[in-house]
Trainee: 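Below: one structure in structure tokens.
Computed from a predicted structure; not experimentally measured. Residues take their numbers from the sequence shown, with the count starting at 1. Hydrogens, waters and symmetry mates play no part in the numbers below; they use all other heavy atoms, side chains included.
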Amino acid sequence: MAATSAQVDPAEGLDPRDRFEAWRDLIGLTRDCEATSPHADRFSAELRRSELGPVTFLGTSFPSARFKRSDARVRRSDPGVFHLTLVLNGELTLSRDAMPDQTFRTGEMTLLDSSRSYDLRALGARTTEPDRPRVDAVGIDFPTSLLPMSPFQLRKLLGRSYRVGGGSGALVSDFLLSLDRQSDVLGPAAAARLGPLAVDLVSVWLAEELDGVAALSPTARRRVLVEQVRAFVRRNLHDPELTPSVIAAAHHISVSYLHRVFSQESPGETVAGWIRRQRLAKAHRDLADPVLRATPIHTVAARWGMPRPDDFSRAFRSVYGLSPRDHRRQSLTARAE
């Protein structure tokens, strides 16, 4: 995976204007526009950029700025790209010809395309430095041709504000945040798979907004169902009664269909096996946490849905090659050295 994590700050030794231009050039690789900032003379920003097959992931933190894509720039070059953005801090205000201004605040998503001009103002939220307001956002850029809907169908969805609450929109938001956390450690094979998955999640979300889920391919619907199942499992790992039957009922599908779609997306791994692996990984992490050193091992196991100490110890040893007690002792000793 081609990934970069760029800190555009004074420590790089660049003068302020060069820092701003370096950040602007990185943004412009997939979001071709004229970027300006009232803070360009003392600019400090962070940009994380990862290539996920045909999809580009962006995560950035920056002071207030303005992004303008003019009609002339659209005519000169239109790569045919969608820009999906989730605002984490601050707000964005979008101006377009003959359209009322639209403001996107923290926790809201919006979708723009490179084929239409826009004027986007990013207003930073106050921080511990009153004169240095910040905007934080994550997003993905991908070719418009990857979505199964026609540009005409999608036109009415562009430039709108979408509050992330539940459903497939929340899946998209969670996926973007997960990419931001994991992009530095993803291998090339995983990165290549995640790009198409991101597009499938966005497709289902937009299809629901259009009430057109039937237009999606069976593969897209299957992938999103499996992501919904995984998100449900992660939220309920604490419940020892979490079984394939419970999961299937929560998603209004049969147990046999759940097993079939899961095996298609995760070859060689069962639903129950995936649940067990997630629980053990959480317990493995907590047992190495110095803050939790006084928490009994059986309590940590029960917290992640494994209330039987003997069963937990056997499963833990089979995966990690040592007992939970030895893992905790080794991890805490290594941290103390």
Side-chain angles (χ1 to χ4, degrees), residues 8 17-41 43 45 47 49 51 54-87 90-105 108-124 133 135-162 172 176 195 198-199 202-203 205-207 209-210 212:
V8 188
R17 177 60 62 174
D18 287 342
R19 292 197 296 270
F20 170 70
E21 291 179 355
W23 175 81
R24 180 193 62 194
D25 291 345
L26 285 171
I27 291 286
L29 290 175
T30 51
R31 302 197 174 191
D32 181 27
C33 61
E34 178 187 357
T36 58
S37 172
H39 304 279
D41 59 343
F43 198 76
L47 178 66
R49 187 175 188 276
E51 300 294 342
V55 176
T56 299
F57 168 80
L58 296 171
T60 186
S61 175
F62 58 96
S64 299
R66 181 178 182 180
F67 309 90
K68 189 171 183 179
R69 182 164 171 78
S70 65
D71 289 330
R73 191 179 286 262
V74 171
R75 288 192 299 269
R76 185 168 64 248
S77 174
D78 179 13
V81 172
F82 279 127
H83 311 301
L84 176 65
T85 301
L86 169 64
V87 182
E91 63 181 43
L92 308 177
T93 298
L94 174 68
S95 299
R96 294 183 295 172
D97 290 342
M99 299 287 288
D101 286 359
Q102 183 76 50
T103 297
F104 318 115
R105 297 181 173 85
E108 295 179 344
M109 290 193 299
T110 190
L111 183 71
L112 299 177
D113 73 331
S114 61
S115 300
R116 301 183 66 185
S117 60
Y118 58 79
D119 188 351
L120 190 65
R121 294 175 174 82
L123 179 63
V135 178
D136 298 292
V138 293
I140 54 174
D141 299 334
F142 56 94
T144 58
S145 60
L146 294 182
L147 291 183
M149 308 85 163
S150 71
F152 178 78
Q153 287 178 296
L154 292 171
R155 184 168 293 272
K156 64 182 180 181
L157 301 183
L158 300 175
R160 288 171 49 184
S161 175
Y162 298 93
V172 174
L176 291 175
V199 174
V202 173
S203 297
W205 165 55
L206 294 177
E209 294 293 335
L210 290 169

Trainee: If you compare all heavy atoms of L210 against all heavy atoms of M149, which two are closest, and at what distance to 0.1 Å?
Mentor: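 Distance-wise, the nearest heavy atoms are CD1-CG, 3.9 Å.
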Trainee: Given F82, which partner from the list L158, L146, V55 fulfils the side chain to side chain contact (heavy atoms under 4.5 Å, CB included) test?
Mentor: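 Among the candidates, only L158 passes.
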Trainee: With rounding to the nearest 0.5 angstrom, report the CG to CZ distance, D101 to R121.
Mentor: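 Here the rounded value is 7.5 Å.
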Trainee: Going by distance alone, is a donor N or O of one side chain under 3.5 Å from an acceptor N or O of the other, for T56 and D141?
Mentor: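 There is no such pair (donor and acceptor under 3.5 Å, judged by atom type) between the side chains of T56 and D141.
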Trainee: Rounded to the nearest 0.5 Å, how far does CZ of R105 lie from OG1 of T93?
Mentor: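 Going from OG1 on T93 over to CZ on R105, the span is 7.5 Å.
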Trainee: Nearest heavy-atom pair of P63 and S37: which atoms, and what distance?
Mentor: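 Smallest heavy-atom distance, with atoms named: CG-OG, 4.4 Å.
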Trainee: Given side chain to side chain contact (heavy atoms under 4.5 Å, CB included), test L47 with F62 step by step and report yes or no.
Mentor: CA-CA 8 Å; L47 178 66; F62 58 96; over 6 Å; no
Trainee: Please find the pair of heavy atoms, one from S70 and one from S117, that lie closest to each other, and give the distance.
Mentor: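 That closest heavy-atom pairing would be C-CB, 3.8 Å.
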Trainee: Check whether R24 reaches the backbone of A35 with its side chain - one donor and one acceptor, N or O, closer than 3.5 Å.
Mentor: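 It does not hold such a pair.
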Trainee: Please verify the inter-ring angle class for F67 with W23; under 30° counts as parallel, over 60° as perpendicular, anything in between as tilted.
Mentor: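 The arrangement is tilted - the two ring planes meet at 30° to 60°.
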Trainee: Can you tell me how far apart NE2 (H83) and CG (D32) are? Round to the nearest 0.5 Å.
Mentor: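 H83 atom NE2 to D32 atom CG measures 8.5 Å (nearest 0.5 Å).
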Trainee: Take a 6.0 Å sphere around CZ of R155 and say whether it holds more than 12 heavy atoms from other residues, nucleotides or ligands.
Mentor: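 No - once you tally the heavy atoms of other residues, nucleotides and ligands closer than 6.0 Å, there are 12 at most.
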Trainee: If I take atom CZ from residue R31 and atom OH from residue Y118, how far apart are they, to the nearest 0.5 angstrom?
Mentor: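 Answer for the CZ-OH pair, R31 versus Y118, is 7.0 Å.
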Trainee: Restricting to non-hydrogen atoms, name the atom on P38 and the atom on S64 that form the minimum distance, rounded to 0.1 Å.
Mentor: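 Heavy-atom minimum between the residues: CD-O, 3.5 Å.
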Trainee: Are any of the side-chain heavy atoms of S161 and T110 separated by less than 4.5 Å?
Mentor: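 No - every pair of side-chain heavy atoms lies 4.5 Å or more apart.
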Trainee: Examine distances only and state if a side-chain atom of Y162 and a backbone atom of L157 form a donor-acceptor pair shorter than 3.5 Å.
Mentor: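 The answer is yes, because a donor-acceptor pair under 3.5 Å joins these two groups.
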Trainee: Between the main-chain N or O of S114 and the side-chain N or O of R69, is there a donor-acceptor pair closer than 3.5 Å?
Mentor: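 Indeed, once roles are kept as given, a pair shorter than 3.5 Å links the two residues.
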Trainee: How far apart are the closest heavy atoms of A198 and I140, and which atoms are they?
Mentor: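 Nearest pair, atom of A198 first, then I140: CB-CD1, 4.1 Å.
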Trainee: With rounding to the nearest 0.5 angstrom, report the CG to CZ distance, D71 to R116.
Mentor: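 Reported to 0.5 Å precision, the distance equals 10.5 Å.
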Trainee: Are the side chains of L147 and V199 in touch, meaning some heavy atoms are under 4.5 Å apart?
Mentor: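 L147 reaches V199 side chain to side chain.
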Trainee: Hey, mind stepping through V87 and E108 against side chain to side chain contact (heavy atoms under 4.5 Å, CB included) and telling me if it holds?
Mentor: CA-CA 6 Å; V87 182; E108 295 179 344; 5.5 Å; no
Trainee: Could you go step by step and tell me if L206 and L111 meet the side chain to side chain contact (heavy atoms under 4.5 Å, CB included) rule?
Mentor: CA-CA 10 Å; L206 294 177; L111 183 71; 3.9 Å; yes
Trainee: Do the side chain of T144 and the main chain of V81 share a donor and acceptor less than 3.5 angstrom apart?
Mentor: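 A pair under 3.5 Å: no.
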Trainee: So, do L84 and V172 sit near enough that their side-chain heavy atoms are less than 4.5 Å apart?
Mentor: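 Side-chain contact under 4.5 Å: yes.
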Trainee: Grab the two heavy atoms, one from G159 and one from L112, that are nearest each other, plus how far apart they are.
Mentor: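 What the structure gives for the nearest pair is CA-CD2, 3.8 Å.
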Trainee: Nearest 0.5 Å, what's the CZ-CG distance between R66 and L120?
Mentor: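 One gets 10.0 Å once the value is rounded to the nearest 0.5 Å.
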